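None of these values were measured; they are calculated from a predicted model. FYI, the numbering just counts along the sequence from 1.
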Amino acid sequence: MAAHPSGALWKSLLHQLWLPALVLAILVLATAGSTSFYFPPATDVLATLWRGLVHGELVSDLAFSLRNIVLGLAVATVVGIGAGLVIGEVPLLRRATAPLLDFARAVPTVAFVPVIILTLGIGSGPKIFLIALGSLWPILLNTISGVHGVNPAVHETVRSYRIPWRLRLTKVVLPGALPQIFAGVRIALSIAVVLMVVSEIYGSPVGLGNYILQSGSSFAVPETWAGTVLIGMLGYGLSVLLLAAEHVLLGWYHQRPPRTRRTKLRNEVTPSCSDT
């Protein structure tokens with residue numbers, strides 16, 4: 001019998017959580033009683049993080065950074081999937097845009113940070129634009145690859161039934177490309193976290209990147225480590241939500257085919273062979 005999607009999701013989460021929990025326990029034990037200025041005990045870092053979240057010092061920075069990541073990634077996802085479906089469906093357009101796309105993804109988005117700050121300012125909009133720009137390429141390229149990888153027999157069947165192009169894109173091509181699209185979104189998420197930190201370090205009065213910069217400049221080491229840990233927790237939490245959405249939307253992709261019929265057939269055939 002096939003596993004339920006929610007059961008597979010919890011099993012996958014447990015498989016991912018045991019190692020971080022083990023690493024945290026090792027760090028707490030290894031740094032207990034540490035007198036190093038640069039490597040304080042992990043319990044001090046966790047206590048600083050807890051105080052910052054409870055008393056509100058980190059809440060506004062976390063909300064600002066989370067908003068920028070979510071909006072930037074959402075813009076990149078919409079634009080990347082929409083453009084990827086069109087480019088992947090038109091062979092001539094796919095071949096024509098391939099050199100430009102390869103060049104664009106080879107240019108590091110971090111190099112645009114000074115230009116974007118200089119031209120657009122230090123508000124939330126430029127940071128969202130930077131995150132969307134850097135996150136766009138893996139989503140776009142994976143969408144094109146996923147559309148191109150749909151079985152040609154499926155396209156022939158769709159054409160033979162004269163299904164309209166809108167239904168073809170939304171009911172056939174998009175579901176077939178979704179596994180690779182989610183892979184691109186997972187890569188884009190890690191890029192979005194990096195760009196969020198960089199953009200807030202170089203030009204922002206608020207945000208987790210600015211919090212780390214200010215804490216490091218004032219030699220507040222526990223606060224610096226606490227901000228770094230919070231960024232890791234933010235990225236991991238978003239990846240868990242993305243994993244949950246992937247299991248909901250791609251339950252058919254993660255489930256194994258049922259073996260009930262095959263097992264039943266084997267049990268029926270085995271006695272007849274023994275009788276002969």
Side-chain angles (χ1 to χ4, degrees), residues 12-13 16-17 19-21 23-24 27 45-46 48-49 52-53 57-81 104-117 120 122-143 180-216 223-247:
S12 176
L13 291 179
Q16 293 188 25
L17 286 175
L19 184 57
V23 171
L24 178 60
L27 287 175
V45 175
L46 295 177
T48 302
L49 175 60
L53 292 176
E57 300 173 4
L58 279 171
V59 174
S60 59
D61 293 323
L62 176 61
F64 182 80
S65 299
L66 178 61
R67 176 176 175 270
N68 291 342
I69 289 181
V70 171
L71 291 179
L73 197 60
V75 171
T77 301
V78 172
V79 175
I81 293 177
R105 70 171 178 175
V107 178
T109 311
V110 178
F112 293 102
V113 173
V115 178
I116 292 176
I117 293 177
L120 301 179
I122 60 174
S124 180
K127 294 169 180 55
I128 295 174
F129 173 76
L130 181 68
I131 293 172
L133 180 63
S135 305
L136 172 65
W137 308 115
I139 300 175
L140 175 61
L141 295 174
N142 274 49
T143 303
Q180 283 195 251
I181 292 175
F182 268 101
V185 175
R186 285 197 299 269
I187 298 173
L189 176 59
S190 61
I191 296 175
V193 174
V194 173
L195 292 176
M196 177 270 294
V197 175
V198 173
S199 64
E200 292 175 356
I201 285 178
Y202 283 98
S204 177
V206 67
L208 293 179
N210 176 73
Y211 178 83
I212 293 176
L213 178 64
Q214 298 301 326
S215 300
E223 285 76 6
T224 305
W225 280 109
T228 305
V229 171
L230 184 57
I231 290 174
M233 294 172 60
L234 174 62
Y236 183 75
L238 291 175
S239 67
V240 169
L241 292 177
L242 184 60
L243 178 65
E246 182 177 350
H247 275 79

Report task. Go through the steps to decide whether W225 and L49 satisfy the test side chain to side chain contact (heavy atoms under 4.5 Å, CB included), and finish with yes or no. Result -> CA-CA 9 Å; W225 280 109; L49 175 60; over 6 Å; no
Problem - 4.5 Å side-chain heavy-atom contact, L208 and L58 - result: yes
Is there a side-chain contact between L238 and L66, using heavy atoms and a 4.5 Å cut-off?
yes
Flag for T143-Q180: side-chain donor and acceptor within less than 3.5 Å:
no
Side-chain donor/acceptor of S65 to backbone N/O of G207, under 3.5 Å
no
Report yes if some heavy atom in the side chain of N210 is under 4.5 Å from a heavy atom in the side chain of I201; otherwise report no.
-> no
Query raised in the report: Under 4.5 Å between any side-chain heavy atoms of Y236 and S239, yes or no?
Result: yes
| message | Closer than 3.5 angstrom, by distance alone: can the side chain of S199 be matched with the main-chain N or O of M196 as a donor-acceptor pair? | response | yes
To the nearest 0.5 Å, atom CD1 of I131 lies from atom OG1 of T109 at 11.0 Å
Closest non-hydrogen atoms of G80 and L140, given as atom of the first, atom of the second and distance, are O-CD1, 3.5 Å
* Is any side-chain heavy atom of E200 less than 4.5 Å from a side-chain heavy atom of Y211? -> no
For A226 and T48 the tightest heavy-atom approach is CB-CG2, 4.2 Å
d(I139 CD1, I181 CD1) to nearest 0.5 Å is 9.5 Å
Side chain to side chain donor-acceptor pair (under 3.5 Å) pairs touching residues 124-139, sequence neighbours excluded, are R67-S124, N68-S124
When every non-hydrogen atom of L62 is compared with those of L53, the smallest separation belongs to CD2-CD2, 4.4 Å
Tightest non-hydrogen contact, residues F129 and L120, listed as CD2-CD1, 4.2 Å
What I'd like to find out is whether the side chain of F182 reaches to under 4.5 Å of the side chain of N142, using heavy atoms alone. no
* Asked: Are any of the side-chain heavy atoms of L24 and L46 separated by less than 4.5 Å?
  -> yes
Rounded to the nearest 0.5 Å, the CG atom of L195 sits from the CG atom of L73 at a distance of 11.0 Å
Value for CD1 (I128) from CG (L133), rounded to nearest 0.5 Å, stands at 13.5 Å
Only pairs under 3.5 Å count here: list side-chain donor-acceptor contacts from residues 185-194, not counting sequence neighbours, and write none if there are none.
{"residue": "R186", "atom": "NH1", "partner": "E246", "partner atom": "OE1", "Å": "2.5"}
{"residue": "R186", "atom": "NH1", "partner": "E246", "partner atom": "OE2", "Å": "3.1"}
{"residue": "S190", "atom": "OG", "partner": "I187", "partner atom": "O", "Å": "2.7"}

